[in-house]
2 protein chains.
Amino acid sequence: MVHRKRVTLRDLAEHLNINTSTVSRALSEKSSEMISPDVVKRVRKAAREMGYKQNAAAYALKVGSTKTIGMIIPDLMNPVFPPIIRGIQSVLDQYGYTAFLAYSQNNEGTAHTEVERLISRGVDGIIYAAAFRKDSVVELCKSQGVPLVLVNRVVDQGDVDTVKVDDSLGIKMAVDHLLELGHRKIGFIAGPKDISVSYIRLRAFTRTMAEHDLEVEPHRIVEAHALSEAAGTQAMSVFLGQNPDATAVIASNDLIALGCFTALKQFGYSCPKRLSIVGFNNMPYLDWFATPLTTVSIPHFQMGERAAELLLKRIKSENLDYNEEVLLKPKLVIRDSTAPVIRPKQKSDAT
Amino acid sequence: MVHRKRVTLRDLAEHLNINTSTVSRALSEKSSEMISPDVVKRVRKAAREMGYKQNAAAYALKVGSTKTIGMIIPDLMNPVFPPIIRGIQSVLDQYGYTAFLAYSQNNEGTAHTEVERLISRGVDGIIYAAAFRKDSVVELCKSQGVPLVLVNRVVDQGDVDTVKVDDSLGIKMAVDHLLELGHRKIGFIAGPKDISVSYIRLRAFTRTMAEHDLEVEPHRIVEAHALSEAAGTQAMSVFLGQNPDATAVIASNDLIALGCFTALKQFGYSCPKRLSIVGFNNMPYLDWFATPLTTVSIPHFQMGERAAELLLKRIKSENLDYNEEVLLKPKLVIRDSTAPVIRPKQKSDAT
DNA sequence: CACTTTAGTGCAAACGTTTGCGTAATTCAA
DNA sequence: TTGAATTACGCAAACGTTTGCACTAAAGTG
């Protein structure tokens, strides 16, 4: 019994000998009060029995809203994003919205085309978790009148809704932690500086150090070409080459921090004995690692929730000019990759 | 410059002083050959300049195909699924399809309602990675005429397209590996038996053992109430309670295997010295773990690809009766959680 | 009782496409 | 040059909804 044909409003109407408009109104929560309670009851009963499902395409065409949104993340393989996505969807579900998922692959060009695809699909709004500091996507959305909220990564020009965590505070906590452990020669493995989080975290690092009257020399900072594991080991290799005396590094990212571990191993150094490492993001399963990573934790799920709430609000209000910023608090989770500094007996301890 | 109104076919037609049907045909790849090359060129140029984007809702309403599919997974937090999703989308992208993502939360009821939602959204097909052995979703899809392909988890009744890996072979490899290491007292932490993978893997375990003339007694098998970490430690606790002599266990799942680790720790046992563990799935980042898990690896990404290909094929052919099964090969990746058995000096070594 | 108001329902247009069919203009065969 | 075949395009219907408006019948008002 294959029902290739779905049951439509007209089918219901004919079956009940009433007009399709009455059926439509009876089914709608808001307009059902125009209709006599008795009819409403009969219509809904018939709808249930005959298995009526609203045709989303027809609705979208008529009303102009698809009840869908698009979300763009850099890469699903980065374990940071699944919780964010879940957060988004948890609130979307409550309002009958559904989400498309697309990837930027850390490339603004593909992000742009993906956004175009989503807009062409008629999404009511977009959550963008892959922004570059200078990003054409925000112009695109603005020109097309599509609500947009940025999450995690933000954009230099200020007039757009954003949900982010206080990266500066996070880095400050990391630095303070290392200082308390006695570290002074601290390095920073930054991410690409065209991504806001990389930039902000790096600046927060130097600023916090400065507040403690610690000058950070240029060779203490090296920039990874991506927020990835591979880029991390590459960057850490050059760092270790030019900083044999460093006792700790902060990585812009957990993935970069992992990369640091393998570079460390290649140099025959051990963590945390020879060098402490702290990451950023608190990705899942870190507790299981051989040397569990000290890292600053961000409220992934909550970020998703707030972003979705903000977007829905913006979709409703039709007021695109206003922009809001919600700032979430990070917190430091201390594990085994950081330890008190050991005063070297000699200047160099080439193992 | 907020363009709240999108440019439509009619806008193009009026601007060019031709009929909308001509515009439509000129833009379509297939029917553009009915139109003079000159007109086609002009239309496409104008479309580009005026920023025309096809209205997906209108197209869907008219043609009946939304060029979207739905995928249902148990839970995004399970690190096995992101690669599968990526695989699916990588082939979907090539054909202009987009995917909705929904979660069953390992509950057939919610899976059912999610599928209904997706169908109501007009998806052209569904990829279902969360099936139970007896699952109403396949009936639902069949009755609604919606193409369905199962991935990873399959269903008892046979007539539905599936992409799966040879679980039995995977377990056989795991058992053989343990036997080679000298293990004989091997346990199995099974998953819920209403999920095909749990059931099949368990059966493969007892069968393979039998092939080696090893009877497996009932107390050697305990069933976790879910394919999750928590369920794993719970099950492993009862296992250890009733099997003080066991030297190895196979877990139905990496997540369950992780749970086994913590149960082990609670008993003060060490892995692999006291007990070897092997998992299933080869989730990401296992290499980083304190004791890297020996596990059977499945081709996640490829599974996604094949599932998408199969679904697209089924969507095109309109032939719902036929069903196909693609079977992928697993392989064993040996890490540190398995080691040769140590012959106990005494019968009991209560630490 | 004659009237205005109100409640309940039907009619028809519209959303932006696609596509079968008709028709005018062009080409071809003879 | 004439008729048939072909090419290129326009006309209009249809997909399944929603919604402003018109209409009927009942209820309320004086």
Side-chain angles (χ1 to χ4, degrees), chain A residues 3-44 46-47 50-68 96 119-122 124, chain B residues 3-44 46-47 50-68 96 119-124 144:
Chain A
H3 295 275
R4 210 71 191 86
K5 277 263 140 277
R6 284 172 51 178
V7 29
T8 154
L9 273 192
R10 267 243 300 277
D11 297 337
L12 281 182
E14 284 174 7
H15 179 254
L16 295 172
N17 272 326
I18 55 178
N19 194 277
T20 69
S21 61
T22 343
V23 179
S24 171
R25 287 192 253 254
L27 256 25
S28 157
E29 213 49 64
K30 6 190 66 174
S31 16
S32 64
E33 47 195 24
M34 305 181 184
I35 306 293
S36 71
D38 158 54
V39 173
V40 170
K41 201 169 294 177
R42 280 173 45 218
V43 168
R44 297 199 171 171
M50 299 178 61
Y52 169 77
K53 296 274 159 53
Q54 185 186 61
N55 182 318
Y59 175 90
L61 178 57
K62 182 62 192 166
V63 176
S65 162
T66 55
K67 294 265 189 186
T68 61
I119 291 180
S120 169
R121 284 243 176 254
D124 294 344
Chain B
H3 296 274
R4 211 73 191 85
K5 276 262 139 281
R6 284 172 52 177
V7 30
T8 154
L9 273 192
R10 267 241 300 277
D11 297 336
L12 280 182
E14 285 174 7
H15 179 253
L16 294 171
N17 274 325
I18 56 179
N19 193 277
T20 70
S21 61
T22 329
V23 179
S24 171
R25 286 192 253 254
L27 256 24
S28 156
E29 212 50 65
K30 5 189 68 171
S31 17
S32 64
E33 47 196 24
M34 305 180 183
I35 305 295
S36 70
D38 158 53
V39 173
V40 170
K41 201 168 296 177
R42 280 172 46 218
V43 168
R44 297 198 170 171
M50 300 179 58
Y52 170 78
K53 297 273 161 53
Q54 185 186 61
N55 183 316
Y59 175 90
L61 177 58
K62 183 60 190 164
V63 176
S65 160
T66 55
K67 295 268 189 185
T68 60
I119 291 180
S120 170
R121 284 242 176 256
V123 294
D124 294 343
Q144 299 280 334

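In what follows, every chain begins at residue 1, and chains take the letters A, B, ... in the order their sequences are listed.
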Could you pick out which residue, A:Thr20 or B:Val63, lies toward the 5' side of DNA chain D when each is mapped onto its nearest nucleotide? B:Val63
Do you know the tightest heavy-atom contact between B:Ala13 and B:Asn19? CB-C, 3.8 Å
What's the shortest heavy-atom distance between A:Thr66 and A:Gly122, and which atoms? OG1-O, 2.8 Å
Check every atom of [options] against the side chain of [X] and return the nucleotide holding the closest atom.
X: B:Asn55; options: D:dC11, C:dT17, D:dT19; answer: C:dT17
X: A:Arg25; options: D:dT18, C:dT17, D:dT19; answer: D:dT19
X: B:Asn19; options: D:dC11, C:dT19, D:dT18; answer: D:dC11
X: A:Tyr59; options: C:dT17, D:dT18, C:dA12; answer: D:dT18
X: B:Ile35; options: D:dC9, D:dG10, C:dT17; answer: D:dC9

Nearest whole Å is fine: how far is [N] [atom2] from [X] [atom1]?
X: A:Ile18; N: D:dT24; atom1: CD1; atom2: P; answer: 20 Å
X: B:Lys67; N: C:dT17; atom1: NZ; atom2: P; answer: 16 Å
X: A:Arg10; N: C:dG10; atom1: CZ; atom2: P; answer: 15 Å
X: A:Glu33; N: C:dT6; atom1: CD; atom2: P; answer: 16 Å
X: B:Leu12; N: C:dT18; atom1: CG; atom2: C1'; answer: 15 Å
X: B:Met34; N: C:dG22; atom1: CE; atom2: C1'; answer: 14 Å
X: B:Gln54; N: C:dT18; atom1: CD; atom2: C1'; answer: 10 Å
X: A:Leu61; N: D:dT19; atom1: CG; atom2: C1'; answer: 14 Å

Contact class for [X] (heavy atom, under 4.0 Å): base, sugar-phosphate, or nothing?
X: A:Ser24; answer: base
X: B:Lys30; answer: nothing
X: A:Thr22; answer: sugar-phosphate

Map A:Val39 and B:Lys62 onto DNA chain C by nearest heavy atom, then report which one ends up closer to the 5' terminus. A:Val39
Return the 5'-most residue of the pair A:Pro37, B:Leu9 with respect to DNA chain C, ranking by each residue's nearest nucleotide. A:Pro37
For [Y], is there any backbone N or O sitting under 3.5 Å from a side-chain donor or acceptor partner on [X]?
X: B:Arg6; Y: B:Gln54; value: yes
X: A:Ser28; Y: A:Arg25; value: no
X: B:Arg44; Y: B:Ala26; value: yes

Base D:dC11 to side chain B:Ser21, donor-acceptor N/O within 3.5 Å cut-off: yes
Test for a donor-acceptor pair under 3.5 Å between the base of D:dC9 and the side chain of B:Ser36, counting only N and O atoms. no
Residue pairs, two or more places apart or on separate chains, that pass salt bridge (charged side-chain N to carboxylate O under 4.0 Å, His left out) and touch residues 54-66 of chain A: none
So, does B:Thr8 get its side chain near the phosphate of C:dT17, meaning an N or O under 4.0 Å from OP1 or OP2? yes
